[in-house]
Structure formats: structure tokens, C-alpha cells
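Heads up, the thing below is written out as C-alpha cells.
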Amino acid sequence: MAFSGMLFPQLQLLGLIILAATAASQPNSNCMQNCGSLNIPYPFGTREGCYLEESFLIICNDTHFNPPMPFLGYGNLQVLNISLDGELRVSTFVARDCYNKSGLNFSNSYSSLTSPNFPISHERNMFTAIGCDTLALIGNIDGKNYTTGCLSLCDNIESVDTGYCSGIGCCQTSIPKGVTDFIVVFLSFDNHSKVLEFNPCDIGFVVEENAYNFSSLDLTNFKNDTVPVVLDWAVGNETCLDAQRNSVSYACKAENSTCYESNNSPGYRCNCSSGFQGNPYLLHGCYDINECENSNPCDKECHNIPGSFYCNCPKGYEGDGLKNGTGCRAKVSQSNLIIITLCISVGLLVLLVGGSWIYWGLKKRKLIKLKEKFFQQNGGLLLQQKLSSHSGSMETARIYSAEELENATNNYDEKRVLGQGGYGTVYRGILPNDKVIAIKKSKIGSQSQVEQFVNEITVLTQIIHRNVVKLLELLTGRMALSFNMPESDRNLAKYFVSAIKDDRLLQILEDNIVNEGNIKLLKEVANIAKRCLNVRGEDRPSMKEVAMELDGLVIMEKHPWGNANVYTEETEYLLSAPTQSFNIDVDTNFSTSTTTGYDSMTNQVLRPLDGGR
Ligand SMILES: *[C@@H]1O[C@H](CO)[C@@H](O)[C@H](O)[C@H]1NC(C)=O
Ligand SMILES: *[C@@H]1O[C@H](CO)[C@@H](O)[C@H](O)[C@H]1NC(C)=O
Ligand SMILES: *[C@@H]1O[C@H](CO)[C@@H](O)[C@H](O)[C@H]1NC(C)=O
Ligand SMILES: *[C@@H]1O[C@H](CO)[C@@H](O)[C@H](O)[C@H]1NC(C)=O
Ligand SMILES: *[C@@H]1O[C@H](CO)[C@@H](O)[C@H](O)[C@H]1NC(C)=O
Ligand SMILES: *[C@@H]1O[C@H](CO)[C@@H](O)[C@H](O)[C@H]1NC(C)=O
Ligand SMILES: *[C@@H]1O[C@H](CO)[C@@H](O)[C@H](O)[C@H]1NC(C)=O
Ligand SMILES: *[C@@H]1O[C@H](CO)[C@@H](O)[C@H](O)[C@H]1NC(C)=O
Ligand SMILES: *[C@@H]1O[C@H](CO)[C@@H](O)[C@H](O)[C@H]1NC(C)=O
Ligand SMILES: *[C@@H]1O[C@H](CO)[C@@H](O)[C@H](O)[C@H]1NC(C)=O
Ligand SMILES: *[C@@H]1O[C@H](CO)[C@@H](O)[C@H](O)[C@H]1NC(C)=O
Ligand SMILES: *[C@@H]1O[C@H](CO)[C@@H](O)[C@H](O)[C@H]1NC(C)=O
């Protein structure tokens, strides 16, 4: 183990203090700015009149070194770098103890440092030891106040982590705050006898953090004799507040400079105010930072002002102008805003109108399609085909639209109801040409019924016989109008049949029809009609039979002895040109649940002529 310290002659130290006290607080123009590669900023100086106080003396030794080498005047430490942030980088020796096979040390070096004015930075340095049989200790030179250290033991080089100081082969510990001197000593357990092959030496040093990275090769051969250490420097032993009371000795001479306390020793430091840079210890040392030239933080126009800057946006632009802010954006003028708003509004309106137009168009098309579908479903197409195939004799047959029928029945007014069949309701309708018609609004309709209906209608358009028509007119689809029948008894056919059964025929016929002479004829006709109302088709007479019987009645009334000619003429008439029109209700609007059909009456009375019943 070895202890070593370096002491300056007391007389020389005293002289420096006296000189510093009388020296001007600013360096003169002859001061050296450099020593070798080192830049020496004030408050440091190489001679009297150039430093702030004696602790800042840098001795530039140009007699024994070329290039000249700077040393800290108090401590004989080689200066590597001086920073105005309050850091001073110096070079210190590495401590080492090496052993040979006889277990004796054959070479060693000490590491010690004494820097009473500038404490060793506890934040920027680490005490580091390298070895595999090594207990390294660091403490005050006088052995008091503090001792710390670290232990590193290992058996072989393979177990050593390389690249960083992990505790195997290399160990580290921080140093306490405010330490102004240290010495490194080692303890070895086996004089390195067991690890001599790859680790003959104990190595220890205080080093600037991150300036040294451990490598396992350093166990065998650590090459460096010196390592950098960071010292914290500060002015005086006062706080900022105390120092500012004496403006003559106050070190922060520069305008736009600030004072801050040292955190590792008594004393204070100076800094240029924000927005300024330079040397705050010199009278005009802080100068403005031209932010516009340095970093140009502005998006467009940059204006530098003392200690700061501002950004401008060109005319027609707005925003804070900062690159890291909102920058400059093209301004939206009032008139532009109005135009944009207007455009958006108009656009929206057009969109709305167009949209709804298309919507309604599609809906209407759908409706038309639906109507067509229902028209087809309800036999409209079939009817049209049948009617057109008989176009020669169909000049008066017509298909009416739902709207026309609605108009004709005053929107299916209850007052217009003539009768109620099992399949629907019959209304009295008035066409625009004042023609009175009967309109049947069907309730249900199956596909088979539709076909039957279409056939009926087709035939109906052909069977135009004045007697049939007369009879139908007589029965109506007036009785209905003149009698106020109960709702349940609206079925005309039933009513008619029951009237005949009860011998009440004359009661249901209008007075002006009945007279003394035609009662018998009316009864005959009514009997024919009753037969036509039979439920079973086979029980009903064919149209031909009906026509023949009616003709027979007519002939009998006119000529009780008979006339064959009339019969022929009537039959022919029945089978040819029609003189009456039939109004066929083909309602295609499904939503109103009205489909075209036919009631039981027409079903039985109006049947195809050829064997139809
Ligand atoms: C320069 O360094 C040498 C060796 O350390 C020393 O002997 C000499 O006195 C120094 N010169 C000055 C001017 O400090
Ligand atoms: C000293 O440190 C400053 C910044 O801290 C750096 O710019 C400069 O290069 C360093 N000089 C030397 C010689 O290390
Ligand atoms: C190592 O050798 C030096 C002399 O070269 C001696 O002063 C020192 O005490 C020795 N150290 C040990 C640990 O033997
Ligand atoms: C070890 O070192 C000591 C002291 O330097 C020396 O006397 C001795 O001969 C050395 N032994 C060997 C084996 O090198
Ligand atoms: C060491 O301790 C003594 C007494 O406790 C104290 O006066 C002195 O300032 C201390 N030195 C350091 C460097 O801390
Ligand atoms: C280490 O070396 C010293 C001096 O050379 C000796 O006194 C001591 O016994 C040795 N220790 C071991 C464990 O070899
Ligand atoms: C040490 O390692 C760190 C991180 O890997 C790196 O940043 C640093 O420069 C290295 N230092 C040296 C002296 O190699
Ligand atoms: C050790 O020495 C080498 C070469 O001189 C140098 O590049 C390196 O930075 C030094 N390492 C330390 C930790 O000082
Ligand atoms: C502060 O420093 C001055 C001289 O620079 C000295 O006279 C004084 O005793 C110091 N005060 C303390 C508390 O160290
Ligand atoms: C810089 O210092 C001058 C003179 O003391 C002063 O007028 C100015 O306001 C300061 N500027 C800033 C940004 O502190
Ligand atoms: C000194 O001022 C500069 C610029 O204003 C700033 O970046 C730096 O952090 C300050 N230093 C300290 C230690 O306050
Ligand atoms: C933007 O930049 C300015 C000037 O460089 C700086 O003061 C400010 O903190 C930055 N803001 C953000 C959010 O980065």
C-alpha cells in the first residue's frame, strides 16, 4: 500500500492570493488565450492580471513540454478542458499494484489528487477498479472523513462480463459530494497467485463517467497511465445573493447574465441569460444569439431581437409562424369565407334536392313496377290479351285505372255501396261522361279465380243481349237503391232467391215495372233468373238455353202462336255486335287491398255461351 500527496510551497500560495485580491476584475489584453490545444477562458488565466482569483491560475509549462502543457496552478494537475459551465477536466494517474510469481509486487503507481478549491464532481465521475483478486479503496489522504471502495473477485477470464463494468473483473462506485482529495489503495487476498495468468495487477482510478468502458483485456494489460477526471469549479465561497451585494467583486460582469449556486462546493457561477451566449465573467461577454441564423425556428419571416426572436407571417397568412407551432397558414378572408359558406350551402342544397328527386323517382318506379306486377297478377295482362284477340268486337270494352274508379265511386264512398258479396263490395259509380256503372271491389282473389274472372269478362264483352242486360239492370248488380237492406242481407242473390221462395217477387220489383198484364211474364223471367243463381254449375241453364227461353217468352207474349224467325234473329243478335259497354274494374293497387274479382251473381249469370253454366 502507498499513500502520496503533493504540496505547494506555502509562500508562493500566499503571494498569489495577495496578487489576486489587488488584480483588476477583468483580464488585460495581453493574456494568453491558449496553452497548447487548451483554450483558457476568463476567469482562468495563466498569469497575474489574467485570472479572477488565484484558484483559477493555469500554469502553462512550455519549458519542459512541447507543445506546452497546462497545469492547474494549485495541485499540479494537467488540465484537459475548461468549460464555462463550471467544469474542469483534468488528467489523473491510474493506481496499480502488480505481482510476480514469487508473490511480490514488482511495479506500482499511485493515484492521488488534491484540489482544495475545485471539488471532484460527484455527479460526473466514478471510482473504478479492475482485477480478479482485488479490494480497491478510495479515501481522504489523511485517512479521515471518508473511505469507500469496491470488491472484484473472479476465477477465470471467461466468467468476466466484457463491455461494461458488472462487478466481475471490474467494479465501480460513486464518490461522495464535496471531496477535494483522494488516494487509492488495494488489498489482495492471495497476492493474485491464483489469477496471475490473466490478471497480475490491481487497477484503480477515478474517471469521468462514460469516458471508460471496461474490457476483459484490461485485466491482463491495462494500457493507460492517466484518465480524465471532472472537477467542479465555482467563484468564491459566497452565495449569489451575498456576492451581488459587492458589485466590484461580483464575478458575473456581463450584461444579460445570471448567477447560480454551485451544488458541490461553496461559491457561485455565472451564466448568460437565456437568448444570450458567451462569457458571463467578461464585461461585454454575453451577446445575443441570432436564432434566425442559428436554427431558424420560423416558418416564414424570422426577426431576431436581443435575447429572443419573433416570427412573422406574410400578408394574407396567419398563425404563430413557428415551425414547431402552427406555422403560417393562408388566411381565409371575410369575402372568401362568405363565398365558401355559400358554395357549401348551395352544394348541400343541390345534393339534398337531387337526392330526394332520385329517391322519389326510384320510389315511383318501384310503385309502377309493383302496379304492373299486381296488374299481371290480377289477370290484367290476360284480360288485355283476350280482349285484344277479339278486338273486332271489343270497341267498347275498356280497362279503367284505379284512380278513375276511385273518382267514379267518390273514393269508395259508403253511400255508394250497392251490395256486399262474399268476395267484395259493389259500388255505384259515375263516369266523367255521366254514365252510371257498377264497380265491384274484390276482397280476395286466388290465381284460379283470376283466370276464371278473365274468361268471364271476355265472354261478357261478347254476350251482349238486350234481355240479359235488361234483366241485370232491373235487378241491380234499383232494388239495391230503393231498399234499405240490413248489412247481413246485402247479398242480392240470396235476397232475390228468398223473395221468390216466399212468393214476394212483386214486392221487390219496382211498381212501374209491374202491371196487370206482365205479372206472369215477370214470374217466368224471375224463375229463369233463379235457376241461373243455382250454386252448382250443372244446375244452371246455359246461356243459350236462357236466351232461348227469354226469346220464347217474348214471342209468346207478342204472338201466343209462336214465330221461329224472331228466335233466329235474337240468337244471332246475341252472338254478334255488342251494343252495351261493360265496365271492368281492374284495380292494381295492392296497398288498398282491392283486387278485381266478380261476385257470385255475375259468376252465375254471365258465363261463356258455349255450354257455359
Ligand atoms: C515544468 O515542468 C517541469 C517538470 O514537471 C518542472 O520541473 C518545471 O519547474 C515546470 N516549469 C514551470 C514553469 O512550471
Ligand atoms: C472542451 O469541451 C468543450 C465542450 O465542453 C468542447 O467543445 C471542446 O472540444 C473540448 N476541448 C477539448 C480540448 O477537449
Ligand atoms: C511494492 O513494492 C514497493 C517498492 O517497489 C513497496 O514500497 C510496496 O510496499 C510494495 N507493496 C506491497 C503490497 O508489497
Ligand atoms: C518478483 O519481484 C521481486 C521484486 O521485484 C523480485 O525480487 C523477484 O525476483 C521476482 N520474482 C520473479 C519470479 O520474477
Ligand atoms: C473532514 O472532516 C473534518 C472533521 O470532521 C472537517 O473539518 C473537514 O472539513 C473534512 N474535510 C473534508 C474534505 O470534507
Ligand atoms: C503477499 O505478499 C506479501 C509480501 O510479499 C506477503 O507478506 C504475504 O504473505 C503474501 N500473501 C499471500 C497470501 O501470499
Ligand atoms: C462507452 O460506451 C458508451 C455506450 O456504449 C459509448 O457511448 C461511449 O462512447 C463509450 N466510451 C468510450 C470511451 O468508448
Ligand atoms: C487510453 O489511452 C488511449 C490511447 O492513448 C486513449 O485513446 C483512450 O481514450 C484512453 N482511455 C482513457 C479511459 O483515458
Ligand atoms: C471566503 O474567502 C475569503 C477570501 O477569498 C476568505 O477570507 C474567507 O475566510 C472565506 N470564508 C469562508 C467561510 O471560507
Ligand atoms: C440585456 O441587458 C441590457 C442592459 O442591462 C438590458 O437593457 C436588456 O433589457 C437586457 N436584455 C435582456 C433580454 O435581458
Ligand atoms: C446557462 O444558460 C444557457 C442558455 O440560457 C442554458 O442552456 C444553460 O442550461 C444554463 N446553465 C445552467 C447551469 O443553468
Ligand atoms: C418551439 O420552439 C421554440 C423556439 O425554438 C421553443 O422555445 C419552444 O419551447 C418550442 N416548443 C415546442 C413545443 O417544442
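Counting starts at 1 for both ligands and their atoms, in listed order. None of the values given here were measured: they were computed from a predicted structure.
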Using residues 297-318 as the side-chain source, report each donor-acceptor pair under 3.5 Å to any protein atom, sequence neighbours left out, with the distance given to one decimal.
residue, atom, partner, partner atom, Å
D299, OD2, C328, N, 2.8
N304, ND2, D288, OD2, 2.6

Could you check, using the six-membered ring where one of them is a Trp, whether F182 and F127 have ring centers closer than 6.0 angstrom? no

Whether W233 and F56 hold their rings parallel, tilted or perpendicular, with breakpoints at 30° and 60° = perpendicular

key: Side-chain ion pair, E403 and K371, N-O less than 4.0 Å   = yes

### Message
Taking distance alone, with N or O pairs closer than 3.5 Å, would you say N271 contacts ligand 11?
### Response
yes

Looking at E208 and R124, is there a salt bridge between them, counting it only when a charged N and a carboxylate O are closer than 4.0 Å? yes

Ordered by chain then number, the protein residues lying under 4.0 Å from ligand 7 by heavy atom are N210, A211, N213

Q: Mark yes or no for whether K373, through its side chain, and I368, through its backbone, hold a donor-acceptor pair below 3.5 Å.
A: no

Legend entry - N/O donor-acceptor pair under 3.5 Å between D202 side chain and F186 backbone: no

A student checking ligand 11 against C272 at a 4.0 Å heavy-atom cut-off should list atoms 2 (O), 5 (O)

